[in-house]
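To find a chain, count down the sequence lines: A is the first, B the second, and so on, and within it residues start at 1. Keep in mind the model is a prediction, meaning the values are calculated, not measured. Side chains included, hydrogens not; waters and symmetry mates left out as well; all remaining heavy atoms used.
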Protein chains: 2
Amino acid sequence: MTRLKGRVTLATVAGSAGVSVATVSKVLNGRSDVSPATRARVQEILEKHGYVGRRPEPARRETIELFYQGVLNAYSVQVIQGVVEAGQAAGVDVVLNAHPPHPQASSSGRAAPWIRDIIGNSRQAAIGITSQLADADLAALARARLPLVVVDPANIPQPDVTSVGSTNFAGGMAAAQHLLSLGHRRIGYIGGQPTSACNQARMSGFRSAMDSVGVEVPSEYIWLSDFLYDDGVAGGSAMLDLRNRPTAIFAGSDEVALGILEAARARGLRVPEDLSLVGFDDTEVARLASPPLTTVRQPLREMGAVALRTALQLAAGEQVSSHHVELATTLIVRGSAAPHELSSVAAS
Amino acid sequence: MTRLKGRVTLATVAGSAGVSVATVSKVLNGRSDVSPATRARVQEILEKHGYVGRRPEPARRETIELFYQGVLNAYSVQVIQGVVEAGQAAGVDVVLNAHPPHPQASSSGRAAPWIRDIIGNSRQAAIGITSQLADADLAALARARLPLVVVDPANIPQPDVTSVGSTNFAGGMAAAQHLLSLGHRRIGYIGGQPTSACNQARMSGFRSAMDSVGVEVPSEYIWLSDFLYDDGVAGGSAMLDLRNRPTAIFAGSDEVALGILEAARARGLRVPEDLSLVGFDDTEVARLASPPLTTVRQPLREMGAVALRTALQLAAGEQVSSHHVELATTLIVRGSAAPHELSSVAAS
DNA sequence: GAGAGTTTCGAAAACTTTTCGATAATTGCT
DNA sequence: AGCAATTATCGAAAAGTTTTCGAAACTCTC
């Protein structure tokens with residue numbers, strides 16, 4: 001109904017409410033010279049007819065905020081690309097912004113300034129990359145009815161935060177199985193913080209695969225700090241200096257793998273002849289590395305695209321089927337992992 | 001003046017500008033069916049009369065469009081970061097968008113669709129990363145009075161395009177001098193397209209440094225295709241298979257350097273022991289490479305920040321002192337270039 | 001150089017807001 | 001109560017703005 005002819009206009013509402021066009025206009029603009037009773041009635045009719053002004057919004061495009069933590073790396077770039085591409089397809093603007101690394105949960109219940117900015121700038125939705133938000137931040141966003149989608153949230157997925165991830169556990173298993181199938185038995189893992197959800201999943205997948213073939217993982221074969229290059233160098237150095245060093249290492253990220261690569265090179269160890277390496281993420285650096293990294297691919301662009309589409313759905317008030325979506329990981333075989341025979345031959 | 005009677009209205013402006021009320025309204029709302037000349041004139045009159053709408057809009061934030069070509073790489077990421085940081089400082093939104101690689105100068109004089117989008121979305125300014133725009137695109141932007149700043153434009157800097165670059169020539173010289181000072185004499189160059197301005201500058205700087213110490217550069221020591229990994233592999237392979245292969249190579253980009261690194265590894269050549277390598281850009285991958293790349297640093301973040309500030313100046317109608325700014329390059333010494341003695345010892 | 005398509009523009013129509021006068025309701029005063 | 005003054009409410013008309021639509025001018029193509 002109310003669609004008999006064209007758009008709903010002030011005249012439509014005025015007719016339906018039995019008042020003049022001017023009065024309806026006054027109600028819309030909160031003028032004082034309208035009696036409360038009339039105002040209420042007009043407002044009801046407005047609602048009923050779903051009146052929207054001539055220009056619902058001042059012709060401004062929908063805008064979603066994409067934020068990253070601290071600095072951009074090879075990982076975030078892929079996600080950003082996915083978000084931007086999906087944003088173009090959907091005809092929304094993607095505003096990119098950085099936010100300080102870890103506001104360290106301000107004791108007060110106030111949201112961080114940059115969160116308040118997002119709200120104040122009236123975005124349709126926000127997308128975070130591996131972000132860890134304080135409860136106050138989440139509460140502020142919820143109050144403002146501003147949907148949030150996090151790609152690969154750093155902390156354990158909370159039920160009230162929509163998130164997009166990948167099958168980290170399966171990826172960890174795939175990496176371990178690949179190395180096992182190449183004949184390796186002494187396999188180390190160098191990954192991120194023990195509190196990080198994706199690190200836990202990757203390591204659990206790794207452990208699970210190792211367990212299922214009855215291979216022990218000694219504690220000195222596990223090194224956890226962060227997913228960064230320097231952590232790879234440190235962990236790799238420690239592990240390669242062991243009397244009984246591993247013949248293969250599964251790195252929790254490509255950046256870590258590159259750090260291990262450097263630690264190996266510094267010791268005159270060649271990859272993959274003397275040490276097999278499997279990374280995680282399949283960022284650009286995996287392809288550019290020498291040797292190119294065998295790695296577990298996270299479909300980061302797709303994850304970004306899914307995050308954007310989910311954010312738009314939430315912004316449109318639609319329900320999403322699941323608060324957490326995981327896309328499949330794939331093992332990408334390049335040149336950094338080789339059969340164990342090679343390394344034993346070289347060692348002998 | 002113009003206050004003879006009551007408020008300044010569309011009719012006032014229309015009369016003063018000699019156009020219809022409708023046209024003024026269209027200018028105000030950024031409609032497309034107004035010629036640039038008319039738009040400019042009306043805008044000027046609007047300004048002069050200090051026209052304010054009946055209800056001032058809720059002050060939307062300034063928005064600048066940052067666009068990249070095709071895919072994001074380690075290079076663009078640094079620039080993006082600089083733009084985003086400067087944008088935050090200036091309180092403007094940075095909208096990120098991709099555009100198709102090379103529309104190949106559509107024969108017609110029409111601007112590319114994505115350019116029309118930028119104009120239609122009424123950005124305050126646009127920033128391109130290594131973009132090559134067709135004349136029609138530039139003309140369309142100029143007509144819409146939309147300032148454009150290009151970071152490291154792919155083609156020769158045109159006088160009517162504001163651009164930000166770095167001292168490529170000096171960087172090329174610095175790279176060559178570094179390798180020369182390490183005792184190298186057989187030095188190759190693998191870089192981008194001969195038509196690319198920055199490639200020309202880098203290679204000229206390289207050649208100039210070589211000339212000034214009287215060292216010849218045989219033609220087979222020069223390889224030009226693109227600034228990509230695969231080009232590094234191809235060029236590196238060709239050059240390293242020469243009977244009299246170079247002892248050092250200056251790569252026109254870090255990505256090319258990584259390709260050369262891989263070509264060397266495939267031939268059992270070690271870097272820097274058997275081959276010294278100097279990259280260009282100092283993107284993240286230079287730090288992550290194994291060995292870490294000695295490279296010529298372009299201050300990409302600063303370049304991005306300068307581009308944004310310049311764009312805002314232009315948007316504010318200010319004159320900029322120069323249409324092309326070059327920031328200084330710096331040689332970053334890491335581990336991929338070593339004294340020539342080492343390699344001759346290894347060779348003997 | 002005709003034809004098809006595009007761009008530019010203003011008159012008129014459509015829509016919204018404001019002004020201002022009419023009317024009714026309320027208050028103040030005797 | 002009766003009457004005047006005040007106030008509240010409302011809509012017609014005016015004012016202001018945006019959109020539609022057709023005409024004219026221009027451009028590109030064959």
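OP1 or OP2 of D:dT17 sits under 4.0 Å from a side-chain N or O of B:T9. Within the 4.0 Å cut-off from OP1 or OP2 of C:dT18, at least one side-chain nitrogen or oxygen of A:R31 is found. Contact annotation: A:Y51 does not reach the phosphate of C:dC15 (side-chain N/O to OP1 or OP2, under 4.0 Å).
A 4.5 Å side-chain heavy-atom check between A:S25 and A:L28 finds every atom pair outside the cut-off. A:L312 places a side-chain heavy atom less than 4.5 Å from the side chain of A:V92. Between A:N97 and A:E65 there is a side-chain heavy-atom pair separated by less than 4.5 Å.
Cation-pi check for B:R202 over B:F227 is met; the charged atom lies under 6.0 angstrom from the ring centroid and within 45 degrees of its normal.
In this structure, B:E255 has no side-chain hydrogen bond (donor to acceptor under 3.5 Å, both in side chains) partners at least two apart in sequence or on a different chain.
Put simply, CG on A:L28 is 15 Å from P on C:dC15, counting in whole angstrom units. If you take CG of B:L10 and C1' of C:dC9, they are 16 Å apart, rounded to a whole angstrom.
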Identify the pairs formed between an N or O of the protein and an N or O of nucleotides 6-12 of chain D at a distance under 3.5 Å, and give each distance.
{"residue": "D:dC10", "atom": "OP1", "partner": "A:S35", "partner atom": "OG", "Å": "3.3"}
{"residue": "D:dC10", "atom": "OP1", "partner": "A:T38", "partner atom": "OG1", "Å": "2.3"}
{"residue": "D:dC10", "atom": "OP2", "partner": "A:S35", "partner atom": "N", "Å": "2.8"}
{"residue": "D:dC10", "atom": "OP2", "partner": "A:S35", "partner atom": "OG", "Å": "3.3"}
{"residue": "D:dC10", "atom": "OP2", "partner": "A:T38", "partner atom": "OG1", "Å": "3.2"}
{"residue": "D:dG11", "atom": "OP1", "partner": "A:S20", "partner atom": "N", "Å": "3.4"}
{"residue": "D:dG11", "atom": "OP2", "partner": "A:S20", "partner atom": "N", "Å": "3.0"}
{"residue": "D:dG11", "atom": "OP2", "partner": "A:S20", "partner atom": "OG", "Å": "3.1"}
{"residue": "D:dG11", "atom": "OP2", "partner": "A:T23", "partner atom": "OG1", "Å": "2.4"}
{"residue": "D:dG11", "atom": "N7", "partner": "A:K26", "partner atom": "NZ", "Å": "3.4"}
{"residue": "D:dG11", "atom": "O6", "partner": "A:K26", "partner atom": "NZ", "Å": "2.5"}

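Inter-axis angle, ends of the helix from C:dG1-D:dC30 to C:dT30-D:dA1, five pairs per end, rounded to 10 degrees: 10°.
A 6.0 Å sphere centred on CD of A:E47 holds no more than 12 heavy atoms belonging to other residues, nucleotides or ligands.
With hydrogens and angles disregarded, no donor-acceptor distance shorter than 3.5 Å links the side chain of B:R123 to the backbone of B:L146.
Side-chain contact annotation: B:T12 with B:T9, donor-acceptor N/O pair under 3.5 Å absent.
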